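In what follows, a single structure is set out as structure tokens and then discussed.
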Amino acid sequence: MATEAKKAKTTGRVFHQDAATPAVKQAGHGLVTQGGLQYFTGFGNTLSSEAEEGALPIGQNTPQVCPLGLYAEQLSGTAFTEPREANQRSWLYRIQPAVCHKPFVKMELPTLQQNFGSYEPDPNQMRWNPFTIDEKPHNFVEGLKSLMGAGDPAARSGAAVHVYTCNTSMDKAAFQNSDGDMLIVPQQGTLSIKTEFGNMTVHNNEICVIQRGIRFQVNVDGPSRGYICEIFAGHFKIPSLGPIGANGLANPRDFLTPVAAYEDVDEDHVMYNKYQGTMFTSALTHSPFNVVAWHGNYAPYKYDLAKFCVVNSVSFDHLDPSIFTVLTAPTATPGLALIDFAIFPPRWSVHEHTFRPPYYHRNAMSEFMGLVRGHYEAKAEGFLPGGATLHSMMTPHGPDKACFDAASSAELKPEVIAEGTMAFMFESSLGFKVCQTLSCVVHEQTSPSPALVVTTNQPLFIAFIILLYLVVHFSPIFIFLIYSLHFEGHPLFSRNPRQASSIPKGLGRSGEEIPEALNAMHKHQCDTRLCRKETKGGLFTLCFELCLHVVHGLV
């Protein structure tokens, strides 16, 4: 029998639970509850769920007659023949098949733009102020606004970035995106999302992914705003960890998938369908959320960003932002992402002898950044929650002047950074073109003062500075010495040693004759002494003239 466990004394910060997000509680049998809804846990799992007992067939997908008189329908997220480890599909058992709808009709939605080839390229740093939520009633679909993108959804190649605003729910309506998967990042307001697979609530500081073709409805309780990354090819995955090991970053167990829920309603509904970048509508005479049971591995999911286990340097240097990747949409080139979704959550910063904010950078990827809340450490001013920035491929970017100056002189002690902040980045290998649907500002970054760079040999340069200092401050002495060494009338300072001796040949101090050998020795000593004086004077002269030339060159 299990005994009651001792409770440890909890100290310090609890990073993995956001105060504004309802706690997740275990519900048994692989399920958890949050805010009154049940979810499966795990990423990419094959799951089975039924809202009515006995609704799932046993041992086969398409019996001649399905249990409870339901209709079997497969929803394929990949081609039939993709490798088993990459194949994604689910079987839905519904009250009426999805084929029961009126013809699609084109809908005018001028803010939805995906003809990216028609826009002019612009490599400048871009910045958007918080996106305005129009007071006119509009739902999630009507509030879609395209910001940028590259590629073509018709060719299943590329990606796009949108923002959404809404102040009303999608009553009696549903939306399916036939062009790609959508990663939704709420910034303001909570989204209550009804899908064919069940219901989920996405709070601030959470994200959700709704894949291609899945029908959903977004309901809100007030003005809401957020960001969307849409990929036209492939699906999002959690990144490989490599040497990190088996645990860390976004752990699979923290992804939540809704359980089956349905409604049996025979009322008129509107179906929005985004197809090749254009919005269409169709009329239904029943609710599209009539799936009683399902099984498979192609289903929407959500994730609480507070659950991200940050990995970072605990010694020195600022590591690359790829360590903050939550989800990635890979390309055929290993390590090259169509989209990396990275976040910058609250975390400890302990680097020693290191400039701790993000470094100055030119990137082979495009970087779109959004701010859910708080203040991003590298852009303390001008980058506001609900706004955005774009640093295009190879466009220089980095900390602003205030950030650089503060971080360069800060005391390096362990501290929690980004507290109360959640910034994120959609990093892409594509060169995004900016749409003209929302005005932006070309951002001219404030930079720190230019560095003094010593381009010559540093020891010689320092020696020259010292010499120049001595020349300037002791110039009278130098001038006196040079003048004295050049004074021709003084025999001891003559430049010609042959004129140095004024002592008559063969005479001593008293005029007496001295031996020739002693006279020769005396002359040799005099010549040697005066040659040394000449050499010394030449060095002084050379140094002084060199200094004059250098000073003249500097002036």
Side-chain angles (χ1 to χ4, degrees), residues 116 119-129 147-151 158-161 227 229 312-313 316-325 328 331 333 335-344 349 351 353-371 374-385 387-410 417-418 421 423-436 438-455:
F116 304 116
Y119 296 112
E120 291 294 326
D122 190 342
N124 287 300
Q125 290 190 45
M126 300 290 182
R127 180 171 289 183
W128 289 262
N129 290 323
L147 280 183
M148 65 195 69
V161 177
Y227 311 86
C229 180
N312 209 341
S313 171
F316 62 90
D317 275 356
H318 186 100
L319 301 187
D320 297 331
S322 51
I323 61 173
F324 299 106
T325 303
T328 182
T331 65
T333 302
L336 183 67
L338 174 64
I339 291 288
D340 276 336
F341 172 60
I343 64 172
F344 307 99
S349 180
H351 322 60
H353 306 289
T354 296
F355 182 77
R356 290 182 175 179
Y359 43 71
Y360 293 103
H361 193 203
R362 287 181 296 159
N363 197 355
M365 310 278 277
S366 300
E367 299 179 8
F368 172 87
M369 287 196 65
L371 186 60
H375 301 277
Y376 182 55
E377 60 261 33
K379 302 182 181 74
E381 300 295 334
F383 183 34
L384 302 175
T389 66
L390 173 65
H391 300 146
S392 294
M393 197 175 296
M394 289 302 168
T395 295
H397 57 276
D400 57 25
K401 185 179 187 302
C403 174
F404 179 87
D405 292 344
S408 298
S409 58
I417 62 172
T421 293
F424 72 88
M425 178 168 63
F426 298 145
E427 186 178 57
S428 177
S429 58
L430 304 174
F432 286 140
K433 285 189 175 181
V434 177
C435 304
Q436 307 302 315
L438 291 172
S439 61
C440 64
V441 177
V442 174
H443 177 57
E444 185 174 352
Q445 184 168 327
T446 57
S447 302
S449 301
L452 175 63
V453 181
V454 178
T455 57

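Count residues from 1 along the sequence. What you see is a predicted model; the values in this text were computed from it and never measured.
Residues D405 and S409 share a closest heavy-atom pair of O-OG, 3.1 Å. Between P321 and A342, the shortest heavy-atom distance links the atoms O-CB, 4.2 Å. Counting all heavy atoms, side chain and backbone alike, A160 lies closest to F116 at CB-CZ, 3.7 Å. Residues H351 and S313 share a closest heavy-atom pair of CD2-CB, 3.9 Å. The minimum heavy-atom distance between T421 and G374, with the atom names listed, is OG1-CA, 3.4 Å.
Rounding to the nearest 0.5 Å gives a distance of 8.5 Å between CG of L384 and NE2 of H375. The OH atom of Y227 sits 11.0 Å away from the CZ atom of F341 when rounded to the nearest 0.5 Å. In this structure, M393 CE and F432 CZ are separated by 8.5 Å, a value rounded to the nearest 0.5 Å. With rounding to the nearest 0.5 Å, the separation of CZ in F426 from CE in M369 is 11.0 Å.
Looking at S366, its side chain does come within 3.5 Å of a backbone N or O of L430 through a donor-acceptor pair. No donor-acceptor distance shorter than 3.5 angstrom exists from the side chain of H391 to the backbone of T389, with no hydrogens or angles considered. T331 contributes a side-chain N or O that, together with a main-chain N or O of L336, makes up a donor-acceptor pair within less than 3.5 Å.
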Worked verdict on F355 versus F404 for side-chain contact (heavy atoms from CB on, under 4.5 Å)
CA-CA 8 Å; F355 182 77; F404 179 87; 3.7 Å; yes
Using the side-chain contact (heavy atoms from CB on, under 4.5 Å) rule, take V434 and D122 through it: C-alpha gap first, then chi angles, then the decisive distance, then the call.
CA-CA 8 Å; V434 177; D122 190 342; 5.9 Å; no
Show your working on side-chain contact (heavy atoms from CB on, under 4.5 Å) between F424 and Y376 and close with a plain yes or no.
CA-CA 9 Å; F424 72 88; Y376 182 55; over 6 Å; no
Please walk me through it: do Y119 and C435 pass side-chain contact (heavy atoms from CB on, under 4.5 Å)?
CA-CA 7 Å; Y119 296 112; C435 304; 3.8 Å; yes
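Shown here are the ring-ring contact (aromatic ring centres under 6.0 Å, His included) partners of H318, two or more places apart in sequence or in another chain: Y359. By the side chain to side chain contact (heavy atoms under 4.5 Å, CB included) test, I323 is found to be paired with N312, L319, residues two or more places apart in sequence or in another chain being considered.
Put simply, the side chain of F344 does not reach to within 4.5 Å of the side chain of I417, judged on heavy atoms. Considering only heavy atoms from C-beta on, F324 stays 4.5 Å or farther from M425 through its side chain.
Applying the side chain to side chain donor-acceptor pair (under 3.5 Å) test to residues at least two apart or on different chains, the pairs with a partner in residues 425-435 are N363-E427.
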